[in-house]
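Structure record follows, encoded as structure tokens.
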Amino acid sequence: MSDVYLNWFTRDEQFPFFIQYGGHEEEMSMHSHVDFSELVIVLNGHATHIIQGEESFIKKGNVFVVNGDTPHAYMAPYDFRICNIMYKPEMLRSAGPDLRTMNGYQALFILEPYLRSINPFKSKLNMSIAGLETVAALIAAMIREYDEQPPGYQTMLASRFMELVVYLSRQYDHQEQGVDSSLMHLASAISYIEDHYREQITLEEIAAKSDISVRHLNRIFRSYYKTTPIAYLQRLRLQQACTLLKETNGSITDISYACGFNDSNYLTRQFKKAYGLSPKAFRKSQ
């Protein structure tokens, strides 16, 4: 198995992004991406995708994301044409918070790649012909921009990449076949948590918004994420507290309420438990 690095495709450290059409007329051996994620859009034909040692048939209209350190290969290609978009995950983290509240985004760009990294997970987006035509036109515009590099091309590409991510996320929400129902329930739960973590939400509310029982919610969280919904909520609040401590001058009390904690003392206790130091000490260390 070989390792693949993003700087094989682009040397631009200020804009670590690459897009191309891929033919794959021959089989591609097992490899993993060391420092980037890859969005794959199958534009024509079909092939066998080997991931985590198991085979999955992929065809025109399929879309999936492979994160770094996830070994995969293409075998038995037939008239196989794809678009590869290679990007640093940080590009998605810079998007607006509304993106993270989309079920399709959570499923396609967060949950599926994570699950592929730990087991042979075969779920993927299956686009309609009309949806694929829209995506193909957007890809063609992006590749022209990348190849010609007119003034402002990096900003234009980043904008169009986000447009593509949103469009694919919406397509995932509306596809009718091939969707793992538990995955979509989990995506719905995570979307609700992302949108309401500042509030005093309960396990029962999360389950109700996900249209499943509390018992099933706990079961799928443990199955997919090896944790509980409340532990996930707590981790999200602490991550946001870290961001606010680094990027703002807000008081510890204000930050605690902004992140969904009842008071600053509770935030401090949980922060020390998670990171080994107080919020004040963490801020000083930054």
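Nothing fancy with the numbering, it's 1 onward along the sequence.
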**Asked** Is the distance between the ring centroids of Y87 and F36 under 6.0 Å?
**Response** no

**Request:** Determine, stepwise, if the pair Q154 / Y146 fulfils side-chain hydrogen bond (donor to acceptor under 3.5 Å, both in side chains).
**Result:** CA-CA 8 Å; Q154 294 180 357; Y146 193 89; over 6 Å; no

**Request:** Spell out, as yes or no, whether a donor-acceptor pair under 3.5 Å connects the side chain of E38 to the backbone of N67.
**Result:** no

**Asked** Hey, does the side chain of Y257 reach the backbone of N262 with a donor-acceptor pair shorter than 3.5 angstrom?
**Response** yes

**Message:** So for atom CZ, which belongs to R219, do other residues, nucleotides or ligands contribute more than 12 heavy atoms lying within a distance under 6.0 Å?
**Reply:** yes

**Prompt:** Out of I41, V40, I51, which one pairs with F64 under the side-chain contact (heavy atoms from CB on, under 4.5 Å) rule?
**Reply:** V40

**Residue pair T248 / R283: nearest heavy atoms and the distance that separates them** = O-NH2, 3.0 Å

**Prompt:** Using a distance-only test with no angle check, is there a side-chain donor-acceptor pair under 3.5 angstrom linking N126 and Q171?
**Reply:** no

**Message:** Pair D254, S251 - check side-chain hydrogen bond (donor to acceptor under 3.5 Å, both in side chains), show working.
**Reply:** CA-CA 5 Å; D254 288 343; S251 69; 3.2 Å; yes

**Check: F221 and I190 side chains under 4.5 Å, non-hydrogen atoms** = yes

Throw together a table of side-chain donor-acceptor distances under 3.5 angstrom for residues 102-110, partners on residues two or more places apart or in other chains.
residue	atom	partner	partner atom	Å
N103	OD1	S191	OG	2.9
Q106	NE2	R100	O	2.7

**Request:** Provide the closest heavy-atom pair for E112 versus Y172 in the form atom of the first, atom of the second, distance.
**Result:** OE2-OH, 2.5 Å

**Asked** Between H46 and F57, how do the two ring planes meet: parallel, tilted or perpendicular, split at 30° and 60°?
**Response** tilted

**Message:** Below 30° counts as parallel, above 60° as perpendicular, anything between as tilted: where do the rings of H49 and H72 land?
**Reply:** perpendicular

